[in-house]
There are 2 protein chains.
Amino acid sequence: MIYLARATIRDIAVKAGVSITTVSLVLNGKELRIASATKKKIIRIANELNYRPNQLAVGLITKKTNTIGLIVPDISNTFFGELAKGAEKEASSCAYNIILCNTNDNPDKDVEYLNILLDRGVDAVIMVPSANSADSMAKKCLTLMEQCQKPLVLVDRIKMGEKHTSISVDHEQGGYIATKYLIENGHTRIGCITGPLGMLNSRLRFLGYKKALKDSDIRFQAKYVEEGNYHVEDGERLAEGLFENKVTAIFAFNDLMAYGVYKAAAKLGCRMPEDISVVGFDDLFYSSIMEVPLTTIHQPSYEIGEAAVRRIAELVKDENTKKEAIIFKPKLIVRNSVQNINR
Amino acid sequence: MIYLARATIRDIAVKAGVSITTVSLVLNGKELRIASATKKKIIRIANELNYRPNQLAVGLITKKTNTIGLIVPDISNTFFGELAKGAEKEASSCAYNIILCNTNDNPDKDVEYLNILLDRGVDAVIMVPSANSADSMAKKCLTLMEQCQKPLVLVDRIKMGEKHTSISVDHEQGGYIATKYLIENGHTRIGCITGPLGMLNSRLRFLGYKKALKDSDIRFQAKYVEEGNYHVEDGERLAEGLFENKVTAIFAFNDLMAYGVYKAAAKLGCRMPEDISVVGFDDLFYSSIMEVPLTTIHQPSYEIGEAAVRRIAELVKDENTKKEAIIFKPKLIVRNSVQNINR
DNA sequence: CTGAAAGCGCTTACAG
DNA sequence: CTGAAAGCGCTTACAG
C-alpha cells in the first residue's frame, strides 16, 4: 500500500482511456461540453487515485502560485504574530499560502528575501520594512516588485505612497488621543518615550503628542522627551531620567517600553498609577493581564494582516484596484494605569 | 527600464551564443571542463541580466524545492512564535523557506494543510499537532508523508515514535523539577493546574508532578488537581477552588495559566509569593518582566525550531539519518514567585 | 569542450 | 465532444 509517487494527470488519462487534455479540462471545470459519462469517469478515477495537482507545474504554466510572501522583522513579537495569524487566516480562506520571512530588522534582508520570494513565484508580498531601512531600500523593493507587476503591500512602518497599497493604523492620531487622555486626567508634565525617530510610525506618534499638547496650550518641553528603541530595557532606563524631571505621566510609544516604565517605577518605589501614570501603544495581549492593566492604544494587528491579504486578493484579480492606503483608526483602551489628578 | 519578464536561461544562451545546456551547467557549477572564456561570458551575461533561476521550474525537475512546511496551532502564541523564528533562521541559513500554516488547534486542518504542502512540493514538514488531535490523525499524517518519502518532524505535542523524528522538551522531567522545587521550599499542599489531559505533554508533566510527590513521601490528593485548557482564564478560575482547599503553592502547567493564578490571587487579596507560591511552565518572555517575576520551567522554543530544521536538512541530505527523538532538558528558572516556607 | 533531446506535470490555443 | 502539440523554465543523461 505504499505509493512512492503521487498520481499525475497522465495516470488518470491512461486509466480512463482519454487524453490528458480532457482530464485537465474536466478537473478544472473548463469544458462544459464534455460528455458527462467521460466526466464522471475521470472524476471517479481522480478520486480513486487521490489525485491532487502538482502546484509547481500549475504555477509554472499559469504564472500564478497562490502564494504570498510575508516579510516581518520579528515573528516572535506578539504584534507581528497576530498580524501573521490574521494574514494566514485570510490567505487560507482564499486558497493562498504564506511564505514566512523574518528579517530581525536587517534592511539587507528585506531585499534579499524579496528576491527569493520572487524566485518562488509569489503572487504578491506583504512587508513590514526593517526598522533602520533607508527610504532608498524601500524604493528598491518597490521597483523590484513593479518590474514583475506584482503587488507589494507595505505595513505598519510605511515609507512612501502612491504605487502600492500601504496599511497601517493612524499613528499620529494614536499619539494624539493617548496624550489627550493624559491631559484630560489632569496631567501637564507628560513624559514621552518615543521609538526610533528614524521610523515614520514613531515620528507620527510624536507629532500627535506635540499636537495634543499644543491644542491644550501646554508648552512642549524637550526635557520630557527621550528616544527609545522599542525595547523593554529602553523604557526602564529612560523612565528614570523622566522621573527626575518630575513628570506625572509617561506616554510610551509601545507597550514593551511601557512595561519598562513599570519596572523602573517598581525599582524606585513609585506606585502605579498613584505616583506615575502610563499609557502605552499596541495593546499587546499581556497588557490586559498585568496587575495594573495598561491603558494603551490598540492597534488591530490581526485585522491589518487580514486586510493586507484581502487587498492582495483584489489586486491579483483586478489590476485596476485602487492602490491607496488603508488606515485603521487607533482606539484608546482605558484600563488602570492612569490616575486622574484633577482636583 | 521596465522589464516585465525576468530573464530566463534561454535569454542568456541566446545572448552568449551557446546552448541552454551550457548555461545551466555553468551556472550550477556542474561541468568543470567548460572553456573558461565561455564560462566567464555566461556568468557576466547572467549578472547583466540579473538572472535568477525560476524555482518552480527547478523544483519541478529536481523534485526538491528547498521549502519546509510549518504547521502550528497558533502563531500569535509567543511559544510558537519563538519556535517559528528559530526554524526560519535555521532554514534561511540553508537556503530553505518556510511555508506557514496556522491550525487554531483544529485537527482537520493538520491533514488539510499537510496535503496542501505536499501539493507545493515541500521537502519536509514540521508539525505541532492540534490539541485535540486524535492519535489516528497523527497516524494519517505520518502515512501521508511516508508515501511521499518526506520527513515529518513532530514537535512539542508528540503522539508516537519510530518512523519520524520528534522534538520536545522532557515534559515529565519538567513536571518533576517544578514540583520538586516547591517541595524543597517546604510546600506539601501543592495544587496542580494541568493542561488538557488528552494531550501527551500534559499527561507527562502530570506524571512528573506525581513522581516528585511520591519521591518525597507526600500523598497525592486528587482534590489538589484541576484540569485546565492552557488559557489564562482557566488558571484564574481553577486557582480559586485550589485556594479553598488550602494549598500553599500551585504548579501551573503553562505560564499563561500561572498568570491566571496571579490574577485570582490579586482578586482575593492573596499576596504573592507570601500567601501563595506559583511555578509555571514555558518561560514566556513576559514572565521575566512581571512585577513578581515568575519562577518557571524554561522550554527552549527557539532552539526546538532550529533543531527541527537542522534535522530535516540532515534527513534530506542523507535518508539514513537516524530518526530518533530529540529531547531537550527542561530548565528551572528561579525568580520570585515561590516562597520558602521551611522554618 | 558543447549541444540536441527528452522530460518534470501541468494548461491552453488550435484543429478536427 | 475530444486530442495532438506546443510550451512554462529548467536539468540531465547521452552523444559527439
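Values below: every heavy atom of this structure, side chains too, minus hydrogens, waters and symmetry copies. Letters A, B, ... mirror the listed sequences (proteins, then strands); counts begin at 1.
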query = Does C/dC8 have OP1 or OP2 sitting under 4.0 Å from an N or O in the side chain of A/N54?
reply = no
request  = Check whether any side-chain N or O of A/S19 sits under 4.0 Å from OP1 or OP2 of D/dG3, and answer yes or no.
outcome  = yes
N or O in side chain of B/K63 less than 4.0 angstrom from C/dG9 OP1/OP2 = yes
message = Does a side-chain N or O of B/S24 approach OP1 or OP2 of D/dT11 to a distance below 4.0 Å, or not?
response = yes
task = Figure out the CD1/P separation between A/I9 and C/dG7, and round it to whole Å.
result = 18 Å
OP1 or OP2 of C/dC8 under 4.0 Å from side-chain N/O of B/T62 = no
query = Rounding to a whole Å, what distance do you find between B/I20:CD1 and C/dA4:C1'?
reply = 10 Å
inquiry  = To the nearest 0.5 Å, what is the distance between CD on B/E88 and CG on B/L70?
reply    = 10.5 Å
message = Counting only side-chain nitrogens and oxygens, does A/K30 get under 4.0 Å of the OP1 or OP2 atom of C/dT12?
response = yes
request  = Please check if any side-chain donor atom of B/Y113 sits under 3.5 Å from a side-chain acceptor atom of A/S92, or the reverse.
outcome  = yes
request  = Could you check which nucleotide pairs with D/dG16 in any of the strands shown, counting Watson-Crick or G-U wobble with both distances under 3.5 Å?
outcome  = C/dC1
Value in whole Å for how far the P atom of C/dC10 lies from CG of A/L56 = 10 Å
key: Residue whose closest nucleotide on DNA chain C lies nearer the 5' end, A/Y51 versus B/T21   = B/T21
query = Do B/K39 and B/T22 get their side chains close enough for a donor-acceptor pair, meaning under 3.5 Å?
reply = no
inquiry  = Strictly below 4.0 Å: does A/T22 bring a side-chain N or O up to OP1 or OP2 of D/dT2?
reply    = no
Beyond-backbone contact of B/I71 with B/V128, side-chain heavy atoms, under 4.5 angstrom = no
note = Rounded to whole Å, the CD1-P distance (B/I61 to D/dC10) equals 11 Å
task = Specify the separation, in whole Å, of atom CZ of B/R10 and atom P of C/dG3.
result = 13 Å
key: Nearest-Å distance for atom pair CG/P, residues B/L60 and C/dC10   = 9 Å
ask   = For A/R6 and C/dC10, what is the distance between atoms CZ and C1' respectively, to the nearest whole Å?
value = 13 Å
request  = Identify whether any heavy atom of B/T8 sits under 4.0 Å from a base atom; if not, whether one sits that close to sugar-phosphate; answer base, sugar-phosphate or nothing.
outcome  = sugar-phosphate
task = Report the distance from atom CZ of B/R52 to atom C1' of D/dC10, rounded to the nearest whole Å.
result = 16 Å
inquiry  = Donor-acceptor pair, distance only, cut-off 3.5 Å: does the side chain of B/T65 make one with the backbone of B/G121?
reply    = yes
